[in-house]
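Report on one structure; see the data block that follows.
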Amino acid sequence: MHDCLRNAETLLGLLRAWTREGWIRPVDLALAATLHQRRPDTPAPALLAAALTSQRAGHGHLLLDLDTTLRHPETVIPVTDVPAGGIPPIHPHAVLEGLSLEDWIHALASSQVAGSGPGSEPLVLEGKRLYLRRYWRHEETITQHIAARLSAPVERDEHRVRELLVQLFPPPRRQPEGAQWQKLACALAARSRFAVITGGPGTGKTTTVIRLLALLQALALESPDPRPLRIRLAAPTGKAAARLNESIAAQVDQLDLAGLHHSDGIRAAIPTAVTTLHRLLGARPDTRRFAYNRLRPLPLDLVVVDEASMIDVEMMSALLEALPPAAGLVLLGDKDQLASVEAGAVLGSLCSRAAGGQYTPATRDWLQRVADEQIDDTLVDIRGRPLDQAVSMLRHSHRFAADSGIGALARAINDGDSARTRDILTDDRYQDLHCIPLTGPDTTALLQVACDGHSGQAPGYRHPLEVMHARRPADDAPRETLDAWAAAVLAAQTGFQLLCALRRGAWGVDQVNLRIQAHLARQGLITPPDTGHWYEGRPVLVTGNDYGLRLMNGDIGIALNVPVTPGDPENGKRLRVAFPGEQGTIRWVLPSRLQHCETVYAMTVHKSQGSEFRHTALVLPDTAGAVVTRELVYTAVTRAARHFTLLLPDPAVLEAAIGRPTQRASGLFPAIPGTGG
């Protein structure tokens, strides 16, 4: 055992040195120091474990696997983080080398800071896994609630479900390749109080859930106690909610229900309004608590959540606790996208076996009876677990045609095939892809893409600014005209978005935003002030929920000069920020009221989740790092609807990212009886 692990004070001194080097965070040090202050007899190895568990939580992991940490310490503190030059402190690898798993577990088990289950200790030790208590509690809540729902399937009239599915899914014009997975997903979700529907861009997740809701409402209105189900639609962010709201409303209007009884009642009973999860649960400002919880459950029969990959364990735990036991939950999302910023990868854990189906013979037979679809034998597993029977994976993309470079690129990245990715990016057949090398510190190519894009088909930021200038209303224009102008500028703004992998560094959000702003000013498209941040044409991203303004984290607006009093030019003009409101309206906000916002010529890939842009560009950093993963690149590519541009300082960074899938330590779902893997 290393000498620093024999004395708690010596270890804390070493942890302070690690904090100065950036190997752990100040909050990780603070946890170890607080535990030592409250329990001075806590062994040094236990304090080390606490600091590393906190550090892992900061990287999205729910737990610290003690065995893996000792065998592969580079997974906790990468060797590349050792500073160059000078005399660095003792590296974590050296400290861990002399520590045995048995000694580490004994130090924790014999301390007063780690318990083995329910209790008040700040840490929870389960075998070789160490948790911060709140993450252990969230994991327990999630597994218990999902297990309870999976153990009580909903009994359905098979004959009637089959009839409704035939009406909701008429035979396709072209013979499909394989089974109709949208139809199968509806059938699976209809018989369970918990269901997951996953699929990539354009696979029809929204279409599927609309027909599922029609199916469920039809069954409810035909029941002995006919009443529509109380259903709410939600998404993790305001941006995702707004996008789903537009898609849902259009699809409900177009849904063909002519052959169904109570067709008018069914259509009226399908909700079209989408809220954020925070609003659904009744978030209380400045707290982590919600108005709805296990003591005051939501008055609902079903909740549908889109973009579920963005949900962290704390939010999922709160949602499940607030659902009545008889209520259903349907999660929609792309399992291959980036996981939540906070700890946990709930959707990824739920869908870890989705590609292989793992349906039992009983599930296969039921699906073939009610959906009249053949399930491939490779998707059947006699050992399939209850969770597998509630997960559907949509396997055919309708968004990307066979000749789509974006679709081919997304598949190659998702498969971890760097050679195929490289070939696709350099293939002249794909007119929707652009790969541009960045040479050293020269930002000319980056600024050209950001300003002008690629011809008229793939716009840059010049386009919305030209719309702003060209379509500016007269000084005496009424409010309706100002709203229409703002809507046109905001629509043009969604034509392009530049994404960055990082916030800091030469190719990070902060520096790139400043460079683009300066370039647009040189082009005469904007006029930033010498001091202050506000000017006409400034695009802003809301970075925190503001319930008073009805603005949510992820909302994007643009600053425009408008009359103080619409229709009356005598009172002059002032800047207001236009945000898209509900049902095509515009919400105008004074800049001084926006307490949490930032310029958004560039945003991180994480912030882009739930959004779609006609032309999306991704700039990768010049060095590979743990943040730049396969999921990050895939998420960026799939934000693009028509064109994707990759700005690449070093091809090795792209290759390293594709070979680095996100792996978050978690005990989720193997803990559910009969669902682990």
Side-chain angles (χ1 to χ4, degrees), residues 238-239 241-250 253 272-274 451-453 456-457 459-497 517 520-521 523-529 532-542 546 548-552 554-594 597-601 611-615 641-642:
K239 186 68 177 178
R243 184 180 169 200
L244 179 61
N245 190 83
E246 295 172 1
S247 178
I248 288 278
D253 288 342
T272 56
V274 185
C451 183
D452 300 318
Q457 298 300 312
Y461 290 129
R462 176 184 295 276
H463 177 54
L465 294 171
E466 288 179 339
V467 170
M468 180 185 75
H469 292 298
R471 298 184 61 174
R472 186 185 304 279
D475 290 347
D476 59 352
R479 172 66 182 268
E480 293 77 13
T481 303
L482 295 173
D483 285 355
W485 172 52
V489 177
L490 287 167
Q493 183 71 22
T494 64
F496 175 69
Q497 184 62 55
Q517 178 176 288
L520 293 173
Q523 298 293 309
L525 295 168
I526 58 173
T527 309
H533 301 290
W534 289 102
Y535 55 88
E536 187 176 43
R538 180 193 180 196
V540 293
L541 174 75
V542 177
D546 191 321
L549 295 177
R550 292 180 297 149
L551 293 175
M552 305 304 291
D555 287 346
I556 293 178
I558 192 164
L560 298 172
N561 253 327
V562 295
V564 173
T565 307
D568 181 5
E570 297 300 323
N571 289 335
K573 293 184 176 183
R574 69 189 307 177
L575 277 179
R576 284 188 172 86
V577 185
F579 289 94
E582 297 175 356
Q583 299 179 341
T585 61
I586 297 297
R587 185 177 301 128
W588 297 92
V589 180
L590 285 170
S592 59
R593 298 192 65 191
L594 293 173
C597 71
E598 60 186 31
T599 302
V600 69
Y601 295 115
S611 300
E612 181 181 281
F613 309 97
R614 182 176 175 183
H615 176 202
R642 301 286 184 84

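Residue pairs meeting the salt bridge (Lys or Arg N to Asp or Glu O under 4.0 Å) criterion with at least one member in residues 481-493, sequence neighbours excluded: Arg479-Asp483.
Here Ile248 contributes atom CD1 and Asp253 contributes atom CG; the two are 11.0 Å apart, rounded to the nearest 0.5 Å. Rounding to the nearest 0.5 Å places CG of Asn561 at 4.5 Å from CG of Leu575.
Taking 4.5 Å as the limit, some side-chain heavy atom of Arg587 sits within range of a side-chain heavy atom of Leu551. For the pair Val577 and Cys597, the minimum side-chain heavy-atom distance is 4.5 Å or more. Residues Arg538 and Thr599 are in side-chain contact: their nearest non-hydrogen atoms beyond the backbone lie under 4.5 Å apart. By the 4.5 Å heavy-atom criterion applied to side chains, Trp534 and Val540 are counted as neighbours.
Closest heavy-atom contact between Leu520 and Cys451: CD2-SG, 3.8 Å. Listed here is the closest heavy atom pair of Ile526 and Tyr535: CD1-CE1, 3.7 Å. The heavy-atom pair separating Gly495 from Arg614 by the smallest distance is O-CB, 3.5 Å. For the residue pair Ala578 and Ala486, the shortest heavy atom distance occurs at CB-CB, 3.8 Å. Between Pro473 and Leu482, the shortest heavy-atom contact is CG-CD2, 3.9 Å. In terms of heavy-atom proximity, Pro563 sits nearest to Asp475 at CG-O, 3.5 Å.
Under the side chain to side chain donor-acceptor pair (under 3.5 Å) criterion, Arg462 pairs with Asp452, Gln523, sequence neighbours left out. Scored by the salt bridge (charged side-chain N to carboxylate O under 4.0 Å, His left out) test, Arg574 finds no partners at all (sequence neighbours excluded).
For the pairing with Leu549, the side chain to side chain contact (heavy atoms under 4.5 Å, CB included) check across Val542, Leu590, Leu594 returns one residue only, Leu594. Partner of Gln493 under the side chain to side chain contact (heavy atoms under 4.5 Å, CB included) criterion, chosen from Pro580, Pro459, Pro539: Pro539. Considering Arg472, Lys573, Arg576 as possible partners of Glu536, the one that fulfils the salt bridge (charged side-chain N to carboxylate O under 4.0 Å, His left out) test is Arg472.
For His469 (side chain) and Leu525 (main-chain N/O), a donor-acceptor pair under 3.5 Å exists by modelled atom type.
Inspection of the Tyr461 and Gln497 side chains reveals an N or O donor paired with an N or O acceptor under 3.5 Å.
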